[in-house]
2 protein chains.
Amino acid sequence: MPHLTDPRPQLTERLREHGIGPTHQRIEIARALFARMTHLSADQVLAAVNARHAETSKATVYNTLKLFVEKGLVREVIVDPTKVFYDPNMAPHHHFYDVETGEITDIEADRIAIGGLPSLPPGKVAAGLDLIIRIRSGA
Amino acid sequence: MPHLTDPRPQLTERLREHGIGPTHQRIEIARALFARMTHLSADQVLAAVNARHAETSKATVYNTLKLFVEKGLVREVIVDPTKVFYDPNMAPHHHFYDVETGEITDIEADRIAIGGLPSLPPGKVAAGLDLIIRIRSGA
DNA sequence: CAGGAGTCTGGACTCTGTCTAACCGCCCGC
DNA sequence: GCGGGCGGTTAGACAGAGTCCAGACTCCTG
Ligand SMILES: [Mn+2]
Ligand SMILES: [Mn+2]
Ligand SMILES: [Zn+2]
Ligand SMILES: [Zn+2]
């Protein structure tokens with residue numbers, strides 16, 4: 001009996017709740033994201049999942065991350081022009097992005113008030129609102 | 001005598017104000033951006049500059065856009081995970097991003113009030129604040 | 001005219017992400 | 001048990017954005 005509870009049954013349940021068939025690879029990818037609760041790139045997910053021994057291909061990591069986004073299990077964070085990060089925190093929130101280190105930090109949404117949002121162009125609906133505060137080490 | 005005034009002297013002056021030596025290629029790249037006053041990708045700049053006949057290499061377009069950003073002549077807009085857009089509008093402002101068409105539209109900064117910004121991590125200074133409203137065609 | 005700093009360039013290269021066609025594994029009907 | 005079917009996985013080829021490099025060009029200066 002492991003000291004800490006095995007997270008896999010919880011992850012399996014979470015995948016099912018989102019209409020995602022829980023395969024071995026999908027559970028491991030979800031575990032990489034939800035165990036750390038940090039912002040990981042596809043490459044970092046691939047490395048994390050295959051850390052002990054090769055389990056999952058690059059194609060499956062990309063396919064699965066796209067599926068997770070479609071199903072609302074994780075969201076994309078677009079701050080670095082060279083790669084997408086995946087965020088297991090689905091609560092409304094914003095981000096600090098350190099342009100020197102690449103570090104991404106959450107900002108709780110209710111700490112920030114955004115007022116006077118303009119009306120959307122006709123026939124359009126909002127699909128998301130991203131607020132990114134770019135920071136660097138002090139002058 | 002051309003019907004409209006030649007924009008090149010004005011562009012030359014603008015480059016000099018930013019400490020950028022005004023070469024032929026740099027003037028043409030600046031013209032592509034400031035004549036249109038829209039958000040262009042590096043590829044679109046390359047195409048615009050070479051529309052009549054080949055004038056400027058891909059390497060020079062990338063080098064020059066990076067130089068323009070360093071010198072504060074234009075800014076990057078990071079909304080599309082596959083490419084960077086360059087924005088000649090340096091006034092503080094935000095963006096609509098249509099996730100279906102890729103269209104980027106400006107939102108004047110003074111229409112939006114952002115309150116309760118959290119204190120920055122210690123030793124860090126703000127390098128920029130980006131607000132992106134992702135939109136798509138209505139349900 | 002020689003030297004040198006700054007700039008420009010083709011093309012090779014890297015990296016992220018996509019695609020394809022084969023393959024695997026599980027379930028289900030027989 | 002046996003044969004299909006079907007969703008899922010895979011290696012590796014491929015595509016596109018962006019970088020790097022070594023050579024060439026431009027222009028100024030001594
Ligand atoms: Mn890129
Ligand atoms: Mn990319
Ligand atoms: Zn986050
Ligand atoms: Zn803009």
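All chains are named by letter (A, B, ...) in the order of the sequence lines, taking the proteins before the strands, and each is independently numbered beginning at 1.
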How many whole angstroms separate atom [atom1] of [X] from atom [atom2] of [N]?
X	N	atom1	atom2	value
Ile20(B)	dG6(C)	CD1	C1'	15 Å
Ile29(B)	dT7(C)	CD1	P	13 Å
Glu70(A)	dG8(D)	CD	C1'	15 Å
Lys66(A)	dG17(C)	NZ	P	10 Å
Lys71(B)	dG6(C)	NZ	P	12 Å
Ile27(A)	dT9(D)	CD1	P	10 Å
Asp80(A)	dG18(D)	CG	P	12 Å
Glu76(A)	dG17(C)	CD	C1'	12 Å

**Q.** Residues in ring-ring contact (aromatic ring centres under 6.0 Å, His included) contact with His18(B), at least two apart in sequence or another chain
**A.**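 Testing His18(B) for ring-ring contact (aromatic ring centres under 6.0 Å, His included), a comparison that skips the adjacent residues, returns none.
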
Could you run down the sub-3.5 Å N/O contacts of the protein with nucleotides 24-28 of chain D?
none

Suppose clustering is done on Ile, Leu, Val, Met, Phe, Trp and Tyr with side-chain heavy atoms closer than 4.5 Å. Which residues sit in the same group as Met90(B)?
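None; Met90(B) is a cluster of one.
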
Any chance you could pull the hydrophobic cluster mates of Ile78(B), using side-chain heavy atoms under 4.5 angstrom and chaining through other members?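 Traced through the cluster, Ile78(B) reaches Ile78(A).
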
Donor-acceptor contacts under 3.5 Å from residues 102-113 of chain A side chains, at least two apart:
from      : atom 1 : to       : atom 2 : distance (Å)
Asp106(A) : OD1    : His39(A) : NE2    : 2.9
Asp106(A) : OD1    : His93(A) : NE2    : 3.0
Asp106(A) : OD1    : His95(A) : NE2    : 3.1
Asp106(A) : OD2    : Asn89(A) : ND2    : 3.1

By side-chain contact (heavy atoms from CB on, under 4.5 Å) - contacts of Lys66(B) (at least two apart) =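 Expected list: Glu70(B).
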
Write out a two-atom table: protein N or O, nucleotide N or O from nucleotides 8-11 of chain C, distance below 3.5 Å.
from   : atom 1 : to       : atom 2 : distance (Å)
dC8(C) : OP1    : Thr23(B) : OG1    : 2.5
dC8(C) : OP1    : Gln25(B) : OE1    : 3.2
dC8(C) : O3'    : Gln25(B) : NE2    : 3.0
dT9(C) : OP1    : Gln25(B) : NE2    : 3.4
dT9(C) : OP1    : Glu55(B) : O      : 3.0
dT9(C) : OP2    : Ser57(B) : N      : 3.1
dT9(C) : OP2    : Ser57(B) : OG     : 3.4
dT9(C) : OP2    : Thr60(B) : OG1    : 2.8

Any side-chain heavy-atom pair from Val125(B) and Ile135(A) closer than 4.5 angstrom?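 Val125(B) does not reach Ile135(A) side chain to side chain.
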
(Q) Show every ring-ring contact (aromatic ring centres under 6.0 Å, His included) that has at least one partner inside residues 40-81 of chain B, sequence neighbours left out. (A)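 Every pair satisfying ring-ring contact (aromatic ring centres under 6.0 Å, His included) with a residue in residues 40-81 of chain B: there are none.
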
Can you tell me which residue pairs pass the salt bridge (Lys or Arg N to Asp or Glu O under 4.0 Å) test with a partner in [range], sequence neighbours excluded?
range	answer
residues 122-139 of chain B	Asp98(A)-Lys124(B), Asp130(A)-Arg134(B), Arg134(A)-Asp130(B)
residues 26-37 of chain A	Arg8(A)-Glu28(A), Glu28(A)-Arg31(A)
residues 42-63 of chain A	none

Hey, which of these two, Gly21(B) or Asp43(A), hits DNA chain C nearer its 5' end, going by closest nucleotide?
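Looking at DNA chain C, the more 5' nearest nucleotide goes with Gly21(B).
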
*asked:* With a 4.5 Å cut-off on side-chain heavy-atom distances among I, L, V, M, F, W and Y, is there a chain of contacts connecting Leu46(A) to Ile27(A)?
replied: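 Linked within one cluster.
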
- Task: Considering just the side-chain nitrogens and oxygens of Tyr62(B), establish if one lies under 4.0 Å of OP1 or OP2 belonging to dG18(D).
- Result: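 For dG18(D), OP1 or OP2 has a side-chain N or O of Tyr62(B) closer than 4.0 Å.
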
With both pairing distances under 3.5 angstrom for Watson-Crick or G-U wobble, and | for a partner in another strand, the correct string for DNA chain C is ||||||||||||||||||||||||||||||

